[in-house]
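All values reported here derive from a predicted model rather than from experimental measurement.
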Amino acid sequence: MGRDVPALTFTREDRRRYRIKMQECLEAFAQMLRESRFESERPQVGLEIELNLVDDRAEPAMRNTDVLEAIADPAWATELGRFNLEINIPPRRLTAGGPDSWESEIRDALNHADERARSVGAHLIMTGILPTLRQEDVGEAALSENPRYRLLNDQVFAARGEDLHIEVDGVDRLRTYADTITPEAACTSTQFHLQVSPERFADYWNAAQAIAGVQVALAANAPFLFGKELWHETRIPLFEQATDTRPQEIKVQGVRPRVWFGERWITSVFDLFEENLRYFPALLPLCDDQDPAETLNRGDVPELAELTLHNGTIYRWNRPVYAIAHDKPHVRVENRVLPAGPTVADTLANGAFYYGLTRALVEEDRPVWSRMSFSAAEDNLHTAARHGIDARLYWPGMGEVPAAELVLRRLLPLAHLGLEHSGMDAAWREPLLGVIEQRCVTGRNGAVWQKEMFHHIDATAHCGRHEALRRMTQQYIDYMHLNAPVHTWPVD
């Protein structure tokens with residue numbers, strides 16, 4: 001939902017006009033699909049990283065406006081909370097520039113931003129949930145200044161009619177209520193984009209759905225929330241609950257949640273946009289002046305503004321994206337299941353695994369989604385979020401197996417194959433996928449390190465829970481800057 005929106009209230013007429021415009025956009029999109037009007041000759045990949053801001057003591061720093069001004073780079077933007085920022089890495093061909101170019105580009109951007117943040121008393125940290133975040137840090141005052149966040153907050157609570165209920169059981173138990181959507185700001189993610197042709201979109205989306213649980217098991221990095229030790233990737237249940245527009249009575253009627261895995265394999269990208277209109281009322285019914293049919297008829301590319309804005313308020317774990325670049329429309333899969341961090345090295349290893357594995361699965365003679373129920377894929381996601389790299393996941397032909405065994409025996413060779421077919425030679429892909437292999441061999445990812453380091457400090461320093469989390473977070477930041485993959489981080 002990246003568009004800036006004005007602060008206003010909506011009338012019934014606004015909602016009626018918006019519904020009509022969304023239908024017009026959907027019809028134009030269908031026409032574009034029929035007429036093959038999409039860019040697909042030079043597909044690209046992209047990356048967004050959400051980060052937290054902390055002060056010198058690794059406590060949340062509500063300084064995103066000041067930090068953005070200091071960075072002064074349009075690639076950076078606000079996120080929901082004042083302690084969040086997001087960077088959009090420019091899109092590129094997967095194998096462009098050689099094996100180190102993407103990593104160098106990302107590290108240079110992050111290091112420059114961190115240097116500028118330090119000039120205003122803040123530091124950047126890549127993690128799924130900031131361990132030092134307290135519940136009092138996510139009140140109304142923590143909402144970013146951009147009016148779109150206030151407007152979104154008001155619309156979510158207008159739809160709910162009551163406070164949010166957040167409930168997560170893990171090692172500890174969290175039960176709380178919130179009167180703003182700001183707890184969502186605790187969730188900071190890595191988002192991989194993959195541009196594909198409309199004809200192949202369904203296959204790639206289905207493949208991404210099938211491996212979502214595996215991705216989370218390998219990369220879990222959010223075991224703490226509000227001082228409590230919960231799931232290995234607590235970001236998953238928190239995000240699902242912190243943006244839920246449904247009161248309890250609506251849930252039991254089967255109304256779909258806005259943070260949604262989905263409910264079926266698809267046959268076209270159209271299926272997802274059509275579901276958006278069929279199942280979800282508009283949160284932000286803002287109408288654009290452009291007539292999509294008229295724009296198409298004169299040979300131009302329509303923005304489909306209402307369709308894309310609505311899509312941005314439905315938080316699928318794998319989201320379809322329609323966009324225009326260099327006057328040409330394209331579609332892409334936005335993979336949203338992974339947390340941020342711990343390092344750029346880990347992030348690029350996660351990306352290599354995702355891009356390689358999805359390509360290999362799409363090219364199989366008998367696709368995995370023809371042999372696996374959709375509900376099994378969804379169950380895998382939540383099992384992985386709860387148990388992390390120790391999760392047991394279902395895979396066709398193997399049954400329920402440990403995540404690490406599934407990756408080492410079946411999926412890692414496929415990821416190598418997919419990257420090879422993408423033009424990435426062994427000298428390039430082996431270091432990247434070697435990080436994934438070693439995570440599986442050692443059983444260590446970001447969540448495991450955070451938990452072990454916290455308990456080590458708690459047991460040896462006897463300093464209290466929050467202080468142990470603070471010291472752990474400071475050590476995390478130090479190791480993050482070294483850029484050694486997290487499975488190599490010591491606990492001492």
Side-chain angles (χ1 to χ4, degrees), residues 1 50 52 60 79-81 83-84 127-131 133-140 142-143 149 152-189 191 212-213 216 220-263 279-281 283 312-319 336-340 378-388 447:
M1 201 205 80
E50 298 169 352
N52 288 292
E79 262 294 328
L80 179 64
F83 55 93
N84 300 142
T127 184
I129 294 175
L130 180 61
L133 194 71
R134 306 179 200 238
Q135 190 164 350
E136 53 264 35
D137 295 321
V138 293
E140 185 175 358
L143 275 175
Y149 300 118
L152 182 64
N153 180 78
D154 293 345
Q155 294 302 304
V156 167
F157 280 91
R160 279 189 63 83
E162 63 187 51
D163 287 352
L164 290 164
H165 182 214
I166 298 173
E167 180 176 330
V168 187
D169 287 338
V171 176
D172 301 319
R173 173 179 291 187
L174 175 66
R175 299 280 191 281
T176 190
Y177 288 87
D179 58 4
T180 74
I181 61 171
T182 321
E184 179 200 333
C187 306
T188 39
S189 66
Q191 296 154 25
V216 169
N221 194 31
F224 297 100
L225 174 64
F226 302 154
K228 295 183 181 292
E229 184 177 353
L230 300 169
W231 291 15
H232 282 239
E233 189 54 32
T234 306
R235 204 181 106 262
I236 299 294
L238 175 61
F239 193 47
E240 290 174 342
Q241 295 175 44
T243 53
D244 199 341
T245 58
R246 307 167 303 161
Q248 188 61 36
E249 298 83 0
I250 298 299
K251 289 182 186 179
V252 298
Q253 293 176 39
V255 173
R256 279 82 173 173
R258 294 193 90 96
V259 177
W260 198 31
F261 189 77
E263 58 193 17
Y279 294 144
F280 299 99
L283 282 181
T313 65
I314 299 158
Y315 306 97
R316 296 176 186 270
W317 292 114
N318 284 291
R319 177 190 275 166
R336 301 164 50 83
V337 298
L338 291 184
E378 183 173 16
D379 289 345
N380 277 353
L381 174 63
H382 289 96
T383 300
R386 182 183 289 273
H387 300 292

If you compare all heavy atoms of [X] against all heavy atoms of [Y], which two are closest, and at what distance to 0.1 Å?
X: Leu130; Y: Pro60; value: CD2-CG, 3.7 Å
X: Val138; Y: Thr182; value: O-CB, 3.3 Å
X: Glu233; Y: Asn221; value: OE1-N, 2.7 Å
X: Arg246; Y: Arg160; value: O-NH1, 3.0 Å
X: Leu238; Y: Pro183; value: CD2-O, 3.6 Å
X: Gln135; Y: Phe226; value: N-CD2, 3.5 Å

Report the C-alpha distance between Glu184 and Tyr315 in whole Å, list the side-chain angles of each, state the deciding distance to 0.1 Å, and finish with yes or no for side chain to side chain donor-acceptor pair (under 3.5 Å).
-> CA-CA 12 Å; Glu184 179 200 333; Tyr315 306 97; 5.1 Å; no

Practice prompt. Name all residues meeting the side-chain contact (heavy atoms from CB on, under 4.5 Å) criterion together with Glu240; count only those two or more places apart in sequence or in a different chain, and write none if there are none.
Written response: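 Scan of Glu240 (side-chain contact (heavy atoms from CB on, under 4.5 Å), adjacent residues dropped) gives Ile236, Val259, Trp317, His382.
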
Polar side-chain atom of [X] near backbone of [Y] as donor-acceptor pair, under 3.5 Å:
X: Ser189; Y: Pro339; answer: no
X: Arg258; Y: Thr313; answer: yes
X: Arg256; Y: Phe280; answer: no
X: Asn153; Y: Thr180; answer: no

Step by step, would you call Lys228 with Val168 a side-chain contact (heavy atoms from CB on, under 4.5 Å)?
CA-CA 10 Å; Lys228 295 183 181 292; Val168 187; over 6 Å; no

Are any of the side-chain heavy atoms of Ile129 and Thr188 separated by less than 4.5 Å?
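No, too far: nothing below the 4.5 Å cut-off.
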
What's the separation between atom [atom1] in [X] and atom [atom2] in [Y], rounded to the nearest 0.5 Å?
X: Lys251; Y: Thr245; atom1: NZ; atom2: OG1; value: 10.0 Å
X: Ile314; Y: Leu283; atom1: CD1; atom2: CG; value: 8.0 Å
X: Thr234; Y: Leu225; atom1: OG1; atom2: CG; value: 6.5 Å
X: Glu229; Y: Arg173; atom1: CD; atom2: CZ; value: 15.0 Å
X: Gln241; Y: Glu167; atom1: CD; atom2: CD; value: 7.0 Å
X: Leu164; Y: Ile181; atom1: CG; atom2: CD1; value: 8.5 Å

Identify, with sequence neighbours excluded, every residue that meets salt bridge (charged side-chain N to carboxylate O under 4.0 Å, His left out) alongside Asp179.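 Residues passing salt bridge (charged side-chain N to carboxylate O under 4.0 Å, His left out) with Asp179: none at all.
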
Margin query: Assess the residue pair Gln191 and Glu50 against the criterion (side-chain contact (heavy atoms from CB on, under 4.5 Å)); give the C-alpha distance rounded to whole Å, side-chain angles, the decisive distance to 0.1 Å, and a yes or no.
Written below: CA-CA 9 Å; Gln191 296 154 25; Glu50 298 169 352; 2.9 Å; yes

request  = Could you check whether the rings of Trp260 and Tyr279 sit parallel, tilted or perpendicular, using 30° and 60° as the cut-offs?
outcome  =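 Ring orientation of Trp260 relative to Tyr279: perpendicular.
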
**Q.** Asn84/Asn52 under side-chain contact (heavy atoms from CB on, under 4.5 Å): CA gap, chis, key distance, verdict
**A.** CA-CA 5 Å; Asn84 300 142; Asn52 288 292; 3.2 Å; yes

Can you name the ring pair (Phe, Tyr, Trp, His ring centres under 6.0 Å) partners of Phe157, sequence neighbours left out?
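Phe157 satisfies ring pair (Phe, Tyr, Trp, His ring centres under 6.0 Å) with no residue once adjacent residues are dropped.
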
Under 4.0 Å between a side-chain nitrogen and a carboxylate oxygen: does that hold for Arg175 and Asp169?
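Yes, this pair counts.
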
task: Verify side-chain contact (heavy atoms from CB on, under 4.5 Å) between Val156 and Thr243, making sure each step is shown before the conclusion.
output: CA-CA 7 Å; Val156 167; Thr243 53; 5.8 Å; no

